[in-house]
Amino acid sequence: MNLAASLKAGDRRALAKAITLIESTRADHREQADALLTALMPATGGALRLGISGVPGVGKSTFIEALGCFLLEQGHRVAVLTVDPSSSVSGGAILGDKTRMEKLSMDTRAFIRPSPSSGTLGGVAEKTREAMLLCEAAGYDVVIVETVGVGQSETAVAGMTDLYLLLQLPNAGDDLQAIKKGVMELADLVVINKADLDDVAATRAQAQITSALRLLPTHAHATQRVMKVSALKADGIAPVWEALTALRAASEASGAWASKRREQSLAWMWSRIQSGLKQAFVAHPGVQAQLDATTAAVRDGRTPASAAARQLLATFRNASS
């Protein structure tokens, strides 16, 4: 049985092997990965793609395990793509989220894959989008993407998932500290975790965030909910899933669900084009011959950055034409 057939049959080892293939930087592996994804495309698209983010210490792994175990009990199959910070030495993932979701990782109905962010802005691995498609083809109907909560452009995860859930702490500070307008505008659901530690603080944070959200154009009509949970005690998980299910139903009924996915696919295409062009530019012999001297001149203040960029681009265009 080939890799595509094994993956569609639900073989977790085949899925892991396929994700390793798409993460490879080798040109021959890239061609194989493209062929695999093309063959599997008809089997993709059926899952709920859920992005989850939050600051370090908010309890993302604990929340995801509680939600994942709840979903397994409801008959779902859950895939979790956790994006770890990369080691500056080996380039590998260093947080080990899989070890923090011990119960979920031991269940054969779940699949957890940690991937190094490799410095990608927003803490989302470059091949996360492709990994989501592989998980869908393998029969997982809920795919969760957990991002590094480092404060960098969370638009990355919101731009590749159907719904975006933001985790907050009860004692997040005053309104200016707790409410980051850009992130809040992206969030479909805000969940205050660790409410069991200080319910008064959690209730206060819920009121503050709810009030602040009413000022945002995207949430002026109460399309967003702010909820309290205790992931450690699995308290409040069911209402969160009910809220997500209601948001999905409303989005599908309005046509926004399908429209969003079409736009995300086009954005993904252009993202890969930009990445490919950058790789081709840096690898170009003419550019490489000038790059060290040009960057040194910019660093030392002898050449304006704009002039250096035009010079290198001209070299690339002339040699490519």
Side-chain angles (χ1 to χ4, degrees), residues 1-51 64 68 71-72 75-84 91-93 97-98 101 104-118 120 124-147 156-157 159-163 248 252 257-258 260-276 279:
M1 186 181 293
N2 61 31
L3 184 59
S6 297
L7 187 149
K8 289 173 67 176
D11 187 335
R12 295 204 303 172
R13 292 183 62 187
L15 176 56
K17 184 177 180 181
I19 294 178
T20 299
L21 180 66
I22 66 170
E23 289 179 343
S24 174
T25 57
R26 283 176 42 174
D28 58 332
H29 286 173
R30 186 64 260 175
E31 291 181 4
Q32 294 174 35
D34 287 343
L36 176 64
L37 285 166
T38 301
L40 292 173
M41 280 302 291
T44 66
L48 167 64
R49 303 166 184 173
L50 176 62
I64 291 172
L71 292 175
L72 294 181
H76 296 281
R77 295 186 67 210
V78 180
V80 182
L81 302 174
T82 69
V83 186
D84 276 354
D97 283 282
K98 192 168 184 177
M101 302 181 199
L104 190 61
S105 64
M106 292 175 63
D107 197 304
T108 57
R109 296 167 296 174
F111 176 83
I112 301 177
R113 173 74 177 211
S115 299
S117 62
S118 302
T120 306
V124 181
E126 185 179 358
K127 303 300 173 61
T128 303
R129 294 179 179 89
E130 296 172 346
M132 284 196 307
L133 295 178
L134 294 177
C135 291
E136 290 179 349
Y140 294 93
D141 62 333
V142 179
V143 180
I144 298 172
V145 179
E146 176 197 0
T147 67
V157 64
M160 71 171 69
T161 54
D162 301 312
L163 296 172
R248 175 176 185 169
E252 288 179 332
W257 189 272
K260 183 177 182 179
R261 284 199 170 186
R262 287 193 295 268
E263 293 302 316
Q264 286 178 342
S265 294
L266 290 176
W268 181 8
M269 180 188 75
W270 283 110
S271 174
R272 300 309 302 143
I273 289 173
Q274 291 172 352
S275 177
Q279 291 173 3

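Sequential numbering from 1 along the given sequence is applied to the chain's residues. In what follows, every heavy atom counts, from backbone to side chain, and hydrogens, waters and symmetry copies are set aside.
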Rounded to the nearest 0.5 Å, what separation is found between the CD1 atom of Ile64 and the CD1 atom of Ile144? 6.0 Å
Given side-chain contact (heavy atoms from CB on, under 4.5 Å), test Arg272 with Ser275 step by step and report yes or no. CA-CA 5 Å; Arg272 300 309 302 143; Ser275 177; 3.5 Å; yes
Audit row: Thr20, Arg113, side-chain hydrogen bond (donor to acceptor under 3.5 Å, both in side chains) steps and yes/no: CA-CA 10 Å; Thr20 299; Arg113 173 74 177 211; 3.1 Å; yes
How close do Ala18 and Leu7 get, counting heavy atoms only, and between which atoms? CB-CD1, 3.6 Å
If every non-hydrogen atom of Arg12 is compared with every non-hydrogen atom of Asp107, which pair is closest and at what distance? NH1-O, 3.4 Å
Under the side-chain contact (heavy atoms from CB on, under 4.5 Å) rule, what do Asp162 and Arg261 come out as? Steps first, then yes or no, please. CA-CA 8 Å; Asp162 301 312; Arg261 284 199 170 186; 2.7 Å; yes
Quick check: do Arg77 and Phe111 have side-chain heavy atoms less than 4.5 Å from each other? no
Please check: side-chain N/O of Thr44 versus main-chain N/O of Met41, any donor-acceptor pairing under 3.5 Å? yes
CE of Met106: more than 12 outside heavy atoms within 6.0 angstrom? no
Rounded to the nearest 0.5 angstrom, the NE2-CG distance for His29 and Leu21 is 6.5 Å
Return the CD to CD distance between Gln279 and Gln274, rounded to the nearest 0.5 Å. 12.5 Å
Taking all atoms of both residues into account, what is the closest heavy-atom pair of Leu15 and Ala138, and its distance? CD2-CB, 4.1 Å
Atom CE of Met160 and atom CZ of Arg129: how far apart are they, to the nearest 0.5 Å? 4.0 Å
Closest heavy-atom contact between Ala110 and Leu104? CB-O, 3.5 Å
Among all residues two or more places apart in sequence or in another chain, which pass the side chain to side chain contact (heavy atoms under 4.5 Å, CB included) test with Arg13? Asp11
Pick one: which of Leu71, Leu48, Asp141, Ile112 meets side chain to side chain contact (heavy atoms under 4.5 Å, CB included) with Val78? Leu71
Using modelled atom types and a 3.5 Å cut-off, is there a donor and acceptor pairing between side-chain atoms of Glu136 and backbone atoms of Gly45? yes
Any heavy-atom pair between the side chains of Tyr140 and Val80 that's under 4.5 Å? no
On a heavy-atom basis, which atom in Val143 and which in Cys135 lie closest, and how many Å separate them? CG2-CB, 4.0 Å
With heavy-atom distances below 4.5 Å as the criterion, would you say the side chains of Thr161 and Leu50 are in contact? no
Rounded distance [0.5 Å steps], CG in Leu133 versus OG1 in Thr128: 11.0 Å
Rounded to the nearest 0.5 Å, what separates atom CD1 in Ile22 from atom CD in Gln32? 13.0 Å
Is a side-chain donor or acceptor of Thr38 paired with a backbone partner of Asp34 at a separation under 3.5 angstrom? yes
State, to 0.1 Å, how close Ala43 and Lys8 come at their nearest heavy-atom pair, and which atoms those are. CB-CE, 4.2 Å
